[in-house]
Amino acid sequence: MTPEQLSERIVHVLNGLVEDGSLALPGGVPATVVVERPKNREHGDYATNIALQLGKKAGMPPRDLAGLLAERLTAVEGIASVDVAGPGFLNVRVAAGAQGVVAAEIVEAGSSYGSSDTLAGTKVNVEFISANPTGPIHLGHTRWAVVGDAIARVLAAAGAEVTREFYINDRGSQMDKFGASVEALALGKPVPEDGYHGDYVAELAERVVAENPGILDLPEDERLVAFREAGYAIQLADQREQLDAFNTCFDVWYSERRLHDEGRVKHGLEVLQGQGHLFEADGALWMRTTDFGDDKDRVLVRSNGEYTYFASDTAYYVEKRERGFDVCIYLLGADHHGYVGRLKAMAACAGDDPDRNIEVLIGQLVKIMRGGEEVRLSKRAGTIVTLQELVEMIGVDALRYTLARYPSDSPLTLDVEQITRQSSENPVFYVQYAHARLASILRNAADLGITLAEGEEFDPSMLSHEREGELLRALAEFPRVVATAARLREPHRVARYLEDTASAFHKFYDNCRVLPQGDEETTDLHRARLLLVAATRTVVANGLDLLGVSAPERM
RNA sequence: GCGCUCGUAGCUCAACGGAUAGAGCAUUUGACUACGGAUCAAAAGGUUGGGGGUUCGAAUCCCUCCGAGCGCGCCA
């Protein structure tokens with residue numbers, strides 16, 4: 001029995017109590033009841049606080065209401081016992097047979113187990129990383145590469161139509177500084193003080209010269225542009241290549257220049273104009289974002305006629321909405337948190353609902369330690385740890401998993417030496433090892449000729465061992481974990497869940513022999529456990545996939 | 001000065017407003033003639049920064065103080 005199924009049964013019982021007058025609920029019976037898997041085993045297979053929630057409304061002490069519910073619930077099929085505990089918790093024990101069928105359901109659902117349709121019909125745009133094409137992807141972007149991608153995956157699993165989008169900041173003075181830096185190095189001159197100083201710039205200069213014969217002979221003004229554009233093309237291609245190798249792929253790479261060249265900015269401002277929150281002052285065009293809680297109004301067009309960066313952002317948002325996205329999610333670093341208020345206000349100024357159509361997720365920065373000292377992550381300073389270097393140090397899976405298992409609003413400190421030297425201590429190996437072990441059992445079963453033919457009889461009540469029950473409950477939890485991760489935009493919940501499930505499996509494995517030994521007969525218990533193993537493998541594989549981490553058959 | 005985020009075991013971090021605040025690492029002690037020991041079993045480690053409040057119940061919500069990070073431009 002899954003938590004959802006138990007919730008349905010409790011709602012049914014509540015309705016029954018209301019109908020026969022045993023219970024008065026002025027607010028009506030809730031559509032769902034929160035059922036949780038208690039940490040403490042003594043609190044049953046499942047627990048619910050529904051009596052505590054409804055006690056006041058029903059005008060009766062929670063414990064009395066709990067008692068009333070317990071009496072009716074005990075009679076429900078599949079429920080072995082119900083106890084009232086503490087202030088009014090209901091602790092439910094499920095019959096072994098009702099628990100075991102979950103394994104068969106999971107195996108049948110296969111790769112779709114965990115998915116739902118809770119967000120069906122919703123078009124979501126997830127924009128993340130959005131770097132200048134002036135340098136390599138580095139650790140500062142890496143967290144968003146993982147978390148943004150994982151958010152997109154869990155949203156898709158919840159039924160949403162998801163687009164991953166990368167906004168290329170290819171316009172503005174940073175590009176010129178970048179071009180000038182590449183050019184200077186190609187000419188053997190020092191890089192400007194406010195230019196780009198990383199080693200990669202020198203490599204870039206060599207490559208640009210090699211790939212563009214005659215570039216050094218161009219007139220000065222043309223030469224700068226040529227270096228800028230050639231460097232841009234190489235850097236962008238490099239970013240894509242690194243991200244591809246990191247298993248993070250974007251559906252749309254959107255150029256800020258294109259936004260301007262296609263007249264989108266002008267159009268965006270016209271749309272805003274129609275909403276009546278723009279005004280002119282001091283020769284500039286402003287958006288009255290203070291109408292919606294921003295702490296000051298924002299300039300869109302400067303008095304010299306140029307668009308601000310905020311104008312681009314506004315137009316880009318309007319453009320996304322016109323492409324049909326219901327929800328636009330932005331992942332920004334903590335250094336951009338000051339931007340949240342104005343983005344929300346901007347959406348409101350565009351006539352949208354800032355609580356639904358736009359979401360800005362702020363993440364704390366990743367700090368990286370090396371030799372007991374912090375390595376500053378600055379492209380400008382040139383002391384960067386690139387994505388490529390990180391992948392070489394710890395591998396795609398370990399890096400992705402490590403960054404995915406923490407909520408992004410928690411600051412993160414990684415020790416390079418520790419990860420490099422002791423990578424086997426990373427929890428990713430714990431989970432992947434569980435998968436490899438599961439795969440190994442299934443291989444061995446196949447070698448023994450034990451198969452799980454479709455429709456073959458299997459007795460769910462065979463799975464009555466304590467460890468089997470715990471594993472089954474963990475597996476039944478998966479769809480809810482995925483739905484929660486999608487709703488809260490917190491994919492780390494999937495990683496934590498996988499660790500929990502892997503632990504339940506390892507404990508099961510330690511206590512319950514799955515396959516027959518020697519010339520032992522294959523029994524119903526063997527087959528039931530093998531089905532449980534197959535179900536566990538499915539869940540672990542599906543979960544790892546949501547994080548973009550591989551599920552190895554062997555390690 | 002104003003604003004946002006954060007403060008949990010020695011370290012890195014968890015915990016839909018739920019029951020005795022949990023993992024990993026590090027420390028200590030056990031278990032391999034069995035399907036993969038990258039595992040399992042156990043010990044130890046805490047006034048959740050301090051103080052108030054809300055309620056059946058607070059690490060979580062509100063107020064306040066302390067501490068840390070970041071942001072406050074007709075820059076991008």
Side-chain angles (χ1 to χ4, degrees), chain A residues 34 36 38-40 42-43 47-49 51-53 55-56 61-63 85-89 91 132 169 171-175 177 256 281-286 295-296 298-310 312-313 333-341 362-365 367 369 402 405-407 409-415 418 422-434 436-445 447-448 480 484 487-488 490 492-493 495-496 499-500 502-503 505-507 509-518 526 529-530 533 554-555:
Chain A
V34 176
E36 61 177 14
K39 278 172 281 189
N40 189 335
E42 290 168 16
H43 297 149
T48 177
N49 61 359
L52 291 161
Q53 303 281 359
K56 189 169 283 182
R63 274 197 72 100
F89 289 103
N91 294 336
N132 294 321
N169 293 140
R171 198 170 166 278
S173 61
Q174 288 303 318
M175 291 301 292
K177 286 174 185 168
E256 185 185 354
D282 305 327
L285 181 67
W286 298 68
D295 48 4
K296 62 180 71 169
R298 306 292 172 178
V299 173
L300 292 167
V301 183
R302 289 189 266 161
S303 52
N304 66 6
E306 287 184 22
Y307 291 116
T308 60
Y309 188 79
F310 186 58
S312 300
D313 271 352
D335 53 341
H336 285 81
H337 70 254
Y339 226 66
V340 179
I362 290 301
Q364 298 294 322
L365 300 177
K367 190 197 285 187
M369 306 297 287
T402 301
R405 71 187 292 268
Y406 303 103
D409 63 355
S410 123
L412 189 55
T413 302
L414 296 181
D415 188 316
Q418 189 175 359
Q422 303 176 310
S423 61
S424 68
E425 290 161 5
N426 192 307
V428 68
F429 290 96
Y430 184 78
V431 176
Q432 286 188 315
Y433 178 65
R437 236 183 187 181
L438 287 155
S440 171
I441 297 170
L442 292 169
R443 276 195 305 271
N444 293 343
D447 289 346
L448 292 172
R480 207 159 58 154
T484 303
R487 177 169 52 85
L488 301 176
E490 290 185 346
H492 77 275
R493 288 172 186 278
R496 299 291 171 162
E499 290 163 31
D500 185 46
S503 170
F505 163 67
H506 285 309
K507 286 172 186 169
Y509 177 91
D510 213 51
N511 285 276
C512 304
R513 172 81 200 187
V514 178
L515 300 175
Q517 308 181 64
H526 292 132
R529 284 180 173 169
L530 189 59
V533 164
R554 291 185 170 83
M555 289 174 71

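Below, read A as the first sequence line, B as the second, and so on, with proteins coming before strands; counting in each chain starts at 1.
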Students often get this wrong, so: under 4.0 angstrom with heavy atoms, is [X] touching a base, only sugar-phosphate, or nothing?
{"X": "A/A434", "result": "nothing"}
{"X": "A/D447", "result": "nothing"}
{"X": "A/N169", "result": "nothing"}
{"X": "A/P62", "result": "nothing"}
{"X": "A/A284", "result": "base"}
{"X": "A/P407", "result": "sugar-phosphate"}
{"X": "A/Y509", "result": "base"}
{"X": "A/F89", "result": "base"}
{"X": "A/R513", "result": "base"}
{"X": "A/R405", "result": "nothing"}
{"X": "A/G86", "result": "nothing"}

* Asked: Is the NZ or CZ atom of A/R302 positioned over A/Y307's six-membered ring, under 6.0 angstrom from the centre and within 45° of the axis?
  ->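 No, A/R302 does not sit over the ring of A/Y307.
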* Asked: Mind checking the P distance from B/U47 to B/U5? Whole angstroms is fine.
  ->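 Looking at atom P only, B/U47 and B/U5 are 27 Å apart.
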* Integer angstrom distance from the C1' of B/U20 to that of B/C63 ->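 Taking atom C1' in both B/U20 and B/C63, they lie 30 Å apart.
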Under the 3.5 Å rule, do the base of [N] and the side chain of [X] count as making a donor-acceptor pair?
{"X": "A/D500", "N": "B/A14", "value": "no"}
{"X": "A/N49", "N": "B/G18", "value": "yes"}
{"X": "A/T308", "N": "B/C74", "value": "no"}
{"X": "A/H337", "N": "B/G3", "value": "yes"}

* Asked: Is there a side-chain contact between A/N444 and A/V514 (heavy atoms, below 4.5 Å)?
  ->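 No. Closest side-chain heavy atoms not under 4.5 Å.
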Would you list the protein and nucleotides 40-46 of chain B atom pairs, both N or O, that sit under 3.5 Å from each other?
| residue | atom | partner | partner atom | Å |
| --- | --- | --- | --- | --- |
| B/C40 | OP1 | A/Y430 | OH | 2.4 |
| B/C40 | O2' | A/D510 | OD2 | 2.6 |

* To do: With sequence neighbours left out, write down each residue that passes ring-ring contact (aromatic ring centres under 6.0 Å, His included) with A/F310, or none if nothing qualifies.
  =>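 Here no residue qualifies.
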* Consecutive Watson-Crick or G-U pairs in runs of at least 3, all under 3.5 Å, in which RNA chain B is involved ->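 Looking at RNA chain B, the stems formed by three or more consecutive pairs are B:1-7 with B:66-72, B:10-13 with B:22-25, B:27-31 with B:39-43, B:49-53 with B:61-65.
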